Amino acid sequence: MFSLCEIEDMVRIPPREFGKAPVMAIMDQLNIKYSNKIIHNVGLSIQVFEILTTTDFIVQQCQDGSFQSKVDFRLIVFCPFVGQILVGRILSNSPEGIHVTMDFFDDIMIPGEWLMENTNFDAAEDCFVWENDGDKFYYDIGQTIRFRVERVDFVDVPQKTPMKIWGACDAPALGLVEWWS
């Protein structure tokens, strides 16, 4: 679910940051640039884990006196693998599927056809209902749901969700956590 990703980038440190230790100033600028951002085909960047190397600082005399340094560093990245089991909360239901959040990541969809057999969308209840052995189980908003990752899509198009996780709840122990406890 979480992994480390090594990246090389040029970092600009403005004069207002000169009072900090250089490593802390670099770390702060990298976190501003990368934290909570999607890196295409990598995942959601959480924060800088460590700085591996930096070059000597180059002062930009023609601009504002800031300095730059080439930095190699590692980021903590969220990108689940296909087949991984995750737990989230139901944000909403629609005839297309269930929208799930993990609190730090909200672009998770479980299509209706990837739910348990005998699961249908009930328009009156505005949620999916799984019928099993004569009992009805409701996928209510706010409930904790366990799902399997089927696909992770990256889109490089403006105004589109840059990363989307597609999940399934079509096997035993998947679905609402309370059903299986």
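Bear in mind that the values here come from a model prediction, so they are computed numbers and not experimental data. Sequence positions, counted from 1, serve as the residue numbers for this chain.
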Heavy atoms, side chains only, cut-off 4.5 Å: are [X] and [Y] in contact?
X: Asp9; Y: Lys33; value: yes
X: Leu86; Y: Phe105; value: no
X: Phe154; Y: Val152; value: yes
X: Gln29; Y: Ile32; value: yes
X: Phe73; Y: Val11; value: no
X: Ile7; Y: Leu30; value: no
X: Leu176; Y: Ile90; value: yes
X: Phe18; Y: Ile13; value: yes

Show the nearest heavy-atom pair for residues [X] and [Y], with the distance to one decimal.
X: Pro14; Y: Ser66; value: CA-CB, 3.7 Å
X: Pro111; Y: Gly167; value: CD-O, 3.5 Å
X: Met116; Y: Pro172; value: CE-N, 4.0 Å
X: Ile51; Y: Thr54; value: CG2-CG2, 3.8 Å

Would you give the length of the straight line joining atom [atom1] of [X] to atom [atom2] of [Y], rounded to the nearest 0.5 angstrom?
X: Phe78; Y: Ile39; atom1: CZ; atom2: CD1; result: 14.0 Å
X: Asp107; Y: Met102; atom1: CG; atom2: CE; result: 12.5 Å
X: Asp72; Y: Glu8; atom1: CG; atom2: CD; result: 4.5 Å
X: Glu50; Y: Glu6; atom1: CD; atom2: CD; result: 8.5 Å
X: His99; Y: Ile110; atom1: NE2; atom2: CD1; result: 10.5 Å
X: Gln47; Y: Met27; atom1: CD; atom2: CE; result: 8.0 Å

**Message:** Please check if the number of heavy atoms outside Lys70 that lie under 6.0 Å from its NZ is greater than 12.
**Reply:** no
So, [X] side chain and [Y] main chain: donor-acceptor pair closer than 3.5 Å or not?
X: Arg148; Y: Leu174; result: no
X: Thr55; Y: Ser69; result: no
X: Ser35; Y: Ile46; result: yes
X: His40; Y: Pro162; result: no

Are [X] and [Y] joined in one hydrophobic group, where the rule is that I, L, V, M, F, W and Y side chains link up if heavy atoms are under 4.5 Å apart?
X: Val82; Y: Phe147; answer: no
X: Leu52; Y: Met24; answer: no
X: Ile38; Y: Leu4; answer: yes
X: Phe81; Y: Val42; answer: no
X: Phe104; Y: Ile108; answer: yes

Contacts table for residues 122-144: side-chain donor-acceptor under 3.5 angstrom, sequence neighbours left out:
from   : atom 1 : to     : atom 2 : distance (Å)
Asp122 : OD1    : Ala124 : N      : 3.0
Asp122 : OD1    : Glu125 : N      : 3.2
Trp130 : NE1    : Glu117 : O      : 3.1

**Prompt:** Val87 and Ile145: side-chain contact (heavy atoms from CB on, under 4.5 Å), yes or no, with the steps?
**Reply:** CA-CA 6 Å; Val87 176; Ile145 188 168; over 6 Å; no
